[in-house]
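Take a look at the structure below.
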2 protein chains.
Amino acid sequence: MADALEPEQLDTYFALMESVSLLHHAVEQQVRAAGELSYIQFQLLARLADAPDRQLTMTALADGVVYSRSGLTHQAGLLEKAGLVTRATSPDDQRATLVTITQAGLDRVAAILPGHVDVVRDLLFDPLSKEDLDVLGGIMGRVRDHMRAQPPRSVSTRKRRT
Amino acid sequence: MADALEPEQLDTYFALMESVSLLHHAVEQQVRAAGELSYIQFQLLARLADAPDRQLTMTALADGVVYSRSGLTHQAGLLEKAGLVTRATSPDDQRATLVTITQAGLDRVAAILPGHVDVVRDLLFDPLSKEDLDVLGGIMGRVRDHMRAQPPRSVSTRKRRT
DNA sequence: TATTGTTATACTCTATAACTATA
DNA sequence: TATAGTTATAGAGTATAACAATA
């Protein structure tokens with residue numbers, strides 16, 4: 001409209017955003033129905049479940065989840081209250097807090113995952129061929145790496161001395 | 001973990017969600033900085049700007065934006081208060097409300113768009129080849145069509161008589 | 001002085017249910 | 001009876017700034 005550019009590119013962008021919005025909405029409902037968690041809480045637990053020793057510092061946990069620190073503190077507090085994680089000061093760095101997923105947390109993730117995979121398969125994988133998926137995986141992997149390499153726009157942007 | 005499945009597929013899904021999350025966060029900030037709007041408000045205005053006669057009913061406006069009706073009413077109210085849209089009863093159907101974008105609304109979109117395109121180009125298009133983009137566009141277009149064809153999980157799920 | 005994390009607060013978005021009015 | 005939309009209200013997520021403690 002103003003900066004014209006290739007319209008196809010914009011279409012691609014819009015299709016991407018709308019698709020993921022729909023998918024996000026669907027999995028959000030699945031996670032809540034199957035495990036009484038928000039999608040973000042599920043993501044945090046899933047990250048912890050895959051982490052070495054099943055624990056991460058708050059900062060490490062925040063990375064990639066696009067979060068303000070206070071938001072993560074809030075979510076960690078909710079998860080702790082629900083008995084799904086524990087928090088303790090790191091022995092390596094007294095400033096850091098280590099978040100550890102509990103067995104109840106692991107169970108919760110395990111309870112959600114099968115249905116979760118079903119939703120993703122029905123909505124995302126279903127209309128795609130095996131080859132499409134491979135290509136999409138490669139493309140999004142590159143995009144993610146590229147975005148991660150960009151100056152983080154959330155967590156790290158704490159004090160931007162103007 | 002539970003329903004095993006192809007791990008590559010899950011990776012693709014995670015890469016997709018994380019990338020879009022980062023992109024969403026970036027454009028959200030751009031839209032707010034350049035035009036004092038939330039991303040969703042921007043999307044609504046952009047939809048109206050592209051619509052025939054620059055107007056849509058509430059229901060048509062909601063489609064694809066994954067919204068509850070009350071949420072859309074709320075957003076439309078904010079946009080109207082800001083002078084960016086007007087609302088009037090449709091002459092065709094007395095029940096329907098026609099939302100029309102104003103000149104100020106068009107100006108606002110025009111003010112946001114160039115910078116918006118810049119962000120999308122830097123974050124999404126930059127690491128991709130022309131061919132990647134074509135492929136991605138085709139894939140996401142198919143995915144979107146597929147998801148739209150699914151029973152809508154937001155707007156239409158109004159009264160699900162159990 | 002920089003970094004990790006928490007607290008308090010306020011704001012936005014979203015969702016549910018009850019309601020009005022028109023088809 | 002079904003559909004379009006609004007209202008009220010409550011809840012969840014997010015962000016900012018001020019703060020304490022450790023490196």
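Chain naming here is simple, since letters A, B, ... match the order of the sequence lines and numbering starts at 1 in each. The figures here come from the full heavy-atom set of this structure, side chains too, leaving out hydrogens, waters and symmetry mates.
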How close or far is atom C1' of D/dT7 from atom CD of B/Glu80, stated in whole angstroms? 15 Å
Can you figure out which of D/dA2, D/dG5, D/dG13 approaches the side chain of B/Arg95 most closely? D/dA2
Per nearest nucleotide of DNA chain D, the residue lying toward the 5' end, A/Gln75 or B/Ala96, is B/Ala96
Rounded off to whole Å, could you give me the CG-to-C1' distance for the A/Leu37 and D/dG13 pair? 15 Å
Indicate yes or no: at least one non-hydrogen side-chain atom of B/Met58 is less than 4.5 angstrom from one of B/Arg69. no
Whole Å only: how far is the CG atom of A/Leu61 from the C1' atom of C/dT6? 15 Å
Once you round it to whole Å, what is the distance between P of D/dA12 and CD of A/Gln29? 15 Å
Evaluate the side-chain proximity of B/Arg142 to B/Asp145: yes if any heavy-atom separation is below 4.5 Å, no if none is. no
Taking C/dT6, C/dA2, D/dT16 as options, the one with an atom nearest any side-chain atom of A/Arg69 is C/dT6
Is the shortest side-chain N to carboxylate O distance from A/Arg32 to A/Glu36 below 4.0 Å? no
If only side-chain N and O atoms of B/His25 are considered, is one of them under 4.0 Å from the OP1 or OP2 phosphate oxygen of D/dG13? no
Whole-Å distance between C/dC11 P and B/Glu36 CD? 15 Å
Within residues 83-91 of chain A: residues closer than 4.0 Å to DNA chain D (heavy atoms): none
No-hydrogen, no-angle side-chain donor-acceptor test under 3.5 Å, B/Ser90 and B/Asp93: no
Roughly, in whole Å, what's the span from NE2 in A/His74 to C1' in C/dT4? 19 Å
Check this for me, if you would: do B/Asp118 and B/Arg121 make a salt bridge, where the nitrogen-to-carboxylate-oxygen distance has to be below 4.0 angstrom? yes
Taking the minimum atom-to-atom distance to the side chain of B/Met58, which one of D/dG5, D/dT22, C/dT22 wins? D/dG5
Less than 4.0 angstrom from a charged side-chain N to a carboxylate O is my criterion; do B/Asp63 and B/Arg148 meet it? no
For B/Leu72, report the nucleic acid contact type (base, sugar-phosphate, nothing); a contact means any heavy atom under 4.0 Å. nothing
Would you indicate, yes or no, if D/dG5 has its OP1 or OP2 atom less than 4.0 angstrom from a side-chain nitrogen or oxygen of B/Thr59? yes
Would you state whether a donor and an acceptor, one from the side chain of A/Ser68 and one from the base of D/dT16, lie under 3.5 Å apart? no
Between the base of D/dA4 and the side chain of B/Thr97, is there a donor-acceptor distance below 3.5 Å? no
Of all the nucleotides listed (C/dA8, D/dT3, D/dT7), which has the minimum atom distance to the side chain of A/Ser70? C/dA8
Ranking A/Arg32 and A/Gln94 by the position along DNA chain D of their nearest nucleotide, the one closer to 5' is A/Arg32
Check the distance between D/dT3's C1' and B/Asp92's CG and give it to me in whole angstrom. 16 Å
Within the supplied structure, the quantity of interest is the number of heavy atoms (other residues, nucleotides, ligands) at a distance under 6.0 Å from B/Arg87 CZ; does it exceed 12? yes
Is any side-chain nitrogen or oxygen of A/Ser38 closer than 4.0 Å to OP1 or OP2 of D/dG13? yes
Over 60° means perpendicular and under 30° means parallel, so tell me whether A/Tyr39 and A/His116 are parallel, tilted or perpendicular. parallel
Do the side chain of B/Thr73 and the base of D/dT7 come within less than 3.5 angstrom through a donor-acceptor pair of N or O atoms? no
